[in-house]
Amino acid sequence: MVLKTLGAGMVILAGSLAGFRVGELYARRPRELKALVGALQLLQTQIGYAATPLREALLAVAEQASSRVMPFFRSAARHLDVQGGYTAAEAWEKAIQDVAAGMALREEDFGVLRDLGAALGSSDREDQVRHIGLALERLKAAAASADEDARRYVRLYNFLGFGAGLGLAILLV
């Protein structure tokens with residue numbers, strides 16, 4: 001009987017943890033999108049007003065950005081290093097690949113970044129600033145949607161994980 005109770009408790013705990021994990025992803029996405037918006041605004045300022053070369057602008061943004069998105073900009077600058085031999089678009093894509101697994105962003109969020117990466121370093125300063133502005137608008141809309149999703153789904157998945165674990169434990173006992 002003790003083993004059954006212990007096993008049921010472990011099943012409930014596993015279900016709860018799974019629910020909390022999914023809920024955490026919904027909660028992290030809006031924070032990461034807002035941090036990305038702030039960092040892109042810094043990049044827009046570096047390119048548009050300070051006329052900083054792209055690699056130095058990426059490093060400056062990495063130093064000032066939130067710790068949530070700092071690895072992305074640092075990785076892009078590292079890949080853009082002279083010894084890497086990558087174009088700006090290739091360095092940007094490599095940076096996306098480097099950080100995608102550790103972030104809560106969705107594929108459509110990375111799509112916005114990929115679209116922006118295609119324009120960085122391949123056009124004049126005003127065009128780059130315009131592309132960053134377009135990406136900012138799209139990411140702000142995604143952040144608003146992510147906020148709504150977080151409000152709706154975080155508690156749902158927390159309770160759903162617990163409920164599924166409890167239901168499975170009842171079935172097994």
Side-chain angles (χ1 to χ4, degrees), residues 17-154 157-158:
L17 291 175
F20 286 135
R21 176 69 179 136
V22 173
E24 179 208 354
L25 290 175
Y26 275 99
R28 272 185 35 211
R29 183 172 174 245
R31 292 191 301 259
E32 288 179 3
L33 284 169
K34 289 174 185 172
L36 194 55
V37 165
L40 286 178
Q41 287 171 336
L42 290 171
L43 183 64
Q44 188 177 37
T45 301
Q46 287 289 326
I47 291 173
Y49 299 108
T52 309
L54 186 57
R55 182 176 184 283
E56 286 80 19
L58 290 170
L59 286 171
V61 169
E63 292 300 317
Q64 298 174 21
S66 164
S67 62
R68 299 178 197 286
V69 296
M70 179 264 303
F72 171 72
F73 290 96
R74 185 163 286 149
S75 176
R78 187 182 71 242
H79 288 299
L80 196 57
D81 194 2
V82 177
Q83 297 160 344
Y86 293 115
T87 66
E90 292 168 340
W92 193 260
E93 179 62 33
K94 291 277 187 192
I96 290 172
Q97 292 170 4
D98 289 348
V99 300
M103 296 184 82
L105 300 179
R106 293 184 180 163
E107 188 56 41
E108 60 262 21
D109 305 329
F110 288 118
V112 172
L113 290 176
R114 284 185 178 96
D115 292 344
L116 174 59
L120 286 180
S122 64
S123 58
D124 64 356
R125 189 173 74 200
E126 290 79 20
D127 192 48
Q128 290 181 53
V129 168
R130 185 178 61 79
H131 280 284
I132 293 171
L134 292 172
L136 283 170
E137 292 306 314
R138 291 173 63 191
L139 289 173
K140 285 177 185 176
S145 173
D147 273 334
E148 182 61 34
D149 287 348
R151 276 193 294 280
R152 184 177 306 146
Y153 295 121
V154 169
Y157 279 105
N158 290 343

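None of these values were measured; they are calculated from a predicted model. If you read the sequence from its start, that first residue is 1, and numbering goes on from there.
Rounded to the nearest 0.5 Å, atoms CG (L36) and CG (D109) are 8.5 Å apart. The CD atom of E126 sits 9.5 Å away from atom CD of Q128, with the distance rounded to the nearest 0.5 Å. Atoms OH and CG, on Y26 and D149 in that order, are 6.5 Å from each other to the nearest 0.5 Å. In this structure, the separation between CG on L59 and CZ on R78 is 11.0 Å, given to the nearest 0.5 Å. We find the CZ-CG distance between F73 and L58 to be 7.0 Å, quoted to the nearest 0.5 Å. Taking CG of L40 as the start and CD of Q46 as the end, the distance is 12.5 Å to the nearest 0.5 Å.
Taking each heavy atom of P30 and A143 in turn, the nearest pair found is CB-O, 4.4 Å. The shortest non-hydrogen separation linking A65 to V69 is CB-CG2, 3.9 Å. The minimum heavy-atom distance linking A95 with S75 is given by the pair CA-OG, 3.5 Å. Scanning both residues, L80 and A88, for their nearest heavy atoms gives CD1-CA, 3.6 Å. Considering all non-hydrogen atoms of both residues, Y86 and H79 come closest at CD1-O, 3.2 Å. Here the closest non-hydrogen pair linking G48 and V129 is CA-CG2, 3.4 Å.
Between the side chain of S145 and the backbone N or O of A141 there is no donor-acceptor pair closer than 3.5 Å. Judged purely by atom type and a 3.5 angstrom limit, Q44 has no side-chain atom pairing as donor or acceptor with the backbone of I132.
Considering R29, R31, K34 as possible partners of D147, the one that fulfils the side chain to side chain donor-acceptor pair (under 3.5 Å) test is K34.
A salt bridge is absent between R74 and D98; no separation between the charged side-chain nitrogens and carboxylate oxygens falls under 4.0 Å. We find that K94 and E90 are not joined by a salt bridge, their nearest charged nitrogen and carboxylate oxygen being 4.0 Å or further apart. Checked for salt-bridge contact, R106 and E32 miss the test: no charged N lies under 4.0 Å from a carboxylate O. We find that D127 and R130 are joined by a salt bridge, their nearest charged nitrogen and carboxylate oxygen being less than 4.0 Å apart.
Taking the six-membered ring where tryptophan is involved, the planes of W92 and F72 are perpendicular, since the angle between them exceeds 60° and thus also 30°.
You'll find the side chain of T52 stays beyond 4.5 Å of the side chain of I47, heavy atoms only. Contact check for I96 versus R114: side-chain heavy atoms found under the 4.5 Å cut-off.
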